[in-house]
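Report on the structure given below.
What you see is a predicted model, and the numbers here were worked out from it, not measured in a lab. One-based numbering, in listed order, for ligands and for the atoms of each. Quick note: numbers below take in every heavy atom, side chains included, and nothing from hydrogens, waters or symmetry partners. The first residue of the sequence shown is numbered 1, and numbering continues consecutively from there.
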Amino acid sequence: MKILIMNGPNLNRLGRREPGIYGSTTMEDCLAGLRKAFPEVEIDYFQSNHEGALIDRLQQAADDGLAGVVLNAGAYTHTSVALLDAIRSVDFPVVEVHISNVFAREDFRSHSIISPACEGLIAGFGMGGYKLAVQALTESARD
Ligand code: DQA
């Protein structure tokens, strides 16, 4: 089983970026933990600060026979109709993840443009949200 984790803008700075909100764990550490916790799952990772690059990678994933994608679109969550359309264009499930509880922050973070196209949403559990999302995808793939 193959899963792709995709992170959007500024998430390359996890570990150093606003640690009071996003914690001090790096994405590299998070990925190492996930690969240990799910040895049977092939976990690919892609991060970009560019909207089009995220869309290109998602479209490419459509040819990869993936069980699903875990997507933290960062700020594009709140702005990107193009990403919403891209998620609608692929036939595997996409789980939306936010490290922080976006509903407990500024009002503009309460609205996700991409949620309607996603299988489900996990927010507010810190980096643990990625693990919950992989678990959700592996369990739904087995059903
Ligand atoms: C985020 C929340 C977004 O509002 C923000 O723009 C991010 C990170 C999160 O993981 O909590 O970049 O997606």
Side-chain angles (χ1 to χ4, degrees), residues 1-64 66-141:
M1 187 184 298
K2 204 166 156 183
I3 278 174
L4 170 66
I5 298 179
M6 282 180 56
N7 274 347
N10 301 305
L11 293 165
N12 52 316
R13 295 189 55 77
L14 283 174
R16 285 171 295 168
R17 174 193 181 192
E18 298 183 87
I21 296 174
Y22 300 111
S24 52
T25 306
T26 64
M27 197 60 204
E28 288 68 30
D29 287 344
C30 176
L31 286 167
L34 290 175
R35 289 180 178 129
K36 220 177 202 177
F38 300 95
E40 75 287 6
V41 182
E42 191 184 328
I43 299 175
D44 283 352
Y45 177 64
F46 179 77
Q47 188 278 331
S48 180
N49 292 324
H50 304 275
E51 189 176 18
L54 294 166
I55 292 166
D56 285 346
R57 185 66 188 88
L58 199 63
Q59 290 182 2
Q60 188 193 321
D63 303 323
D64 283 355
L66 290 179
V69 165
V70 174
L71 175 63
N72 185 346
Y76 289 138
T77 304
H78 317 297
T79 62
S80 180
V81 175
L83 206 46
L84 167 74
D85 288 347
I87 297 166
R88 285 205 167 123
S89 81
V90 295
D91 53 11
F92 47 74
V94 175
V95 176
E96 178 179 351
V97 166
H98 299 288
I99 298 161
S100 64
N101 180 353
V102 283
F103 303 102
R105 299 179 62 191
E106 301 98 321
D107 282 351
F108 67 83
R109 291 188 207 275
S110 296
H111 184 242
S112 165
I113 288 188
I114 65 170
S115 288
C118 293
E119 196 74 7
L121 163 68
I122 295 164
F125 294 100
M127 297 294 270
Y130 290 97
K131 188 174 183 188
L132 295 170
V134 172
Q135 192 182 328
L137 282 175
T138 54
E139 283 176 12
S140 68

Could you tell me whether Phe38 atom CZ has more than 12 heavy atoms of other residues or ligands within 6.0 Å of it? yes
Could you tell me whether the side chains of Ser140 and Glu119 share a donor-acceptor contact shorter than 3.5 Å? no
Sole residue of Asn72, Val70, Asp44, Val69 in side-chain contact (heavy atoms from CB on, under 4.5 Å) with Ile5: Val70
Please assess Ser48 against Arg57 for the test side-chain hydrogen bond (donor to acceptor under 3.5 Å, both in side chains), listing each intermediate value before the final yes or no. CA-CA 10 Å; Ser48 180; Arg57 185 66 188 88; over 6 Å; no
Give every pair made of an N or O atom of ligand 1 and a protein N or O atom lying under 3.5 Å apart, one pair per line with both atom names and the distance to 0.1 Å, or write 'none'.
| from | atom 1 | to | atom 2 | distance (Å) |
| --- | --- | --- | --- | --- |
| ligand 1 | 4 (O) | His78 | NE2 | 2.7 |
| ligand 1 | 4 (O) | Arg109 | NH1 | 2.9 |
| ligand 1 | 6 (O) | Ala75 | N | 3.2 |
| ligand 1 | 6 (O) | Arg109 | NH1 | 3.1 |
| ligand 1 | 10 (O) | Asn72 | ND2 | 2.8 |
| ligand 1 | 10 (O) | Ile99 | N | 2.8 |
| ligand 1 | 11 (O) | Ile99 | N | 3.2 |
| ligand 1 | 11 (O) | Ser100 | N | 2.9 |
| ligand 1 | 11 (O) | Ser100 | OG | 2.6 |
| ligand 1 | 12 (O) | Arg17 | NH1 | 3.1 |
| ligand 1 | 12 (O) | Arg17 | NH2 | 3.1 |
| ligand 1 | 13 (O) | Asn72 | OD1 | 2.8 |
| ligand 1 | 13 (O) | His98 | ND1 | 2.8 |

Using only atom types and a distance under 3.5 Å, with no angle test, would you say the side chain of Asn49 pairs donor to acceptor with the backbone of Asn10? yes
Classify the ring geometry of His98 against His78: parallel below 30°, tilted from 30° to 60°, perpendicular beyond 60°. parallel
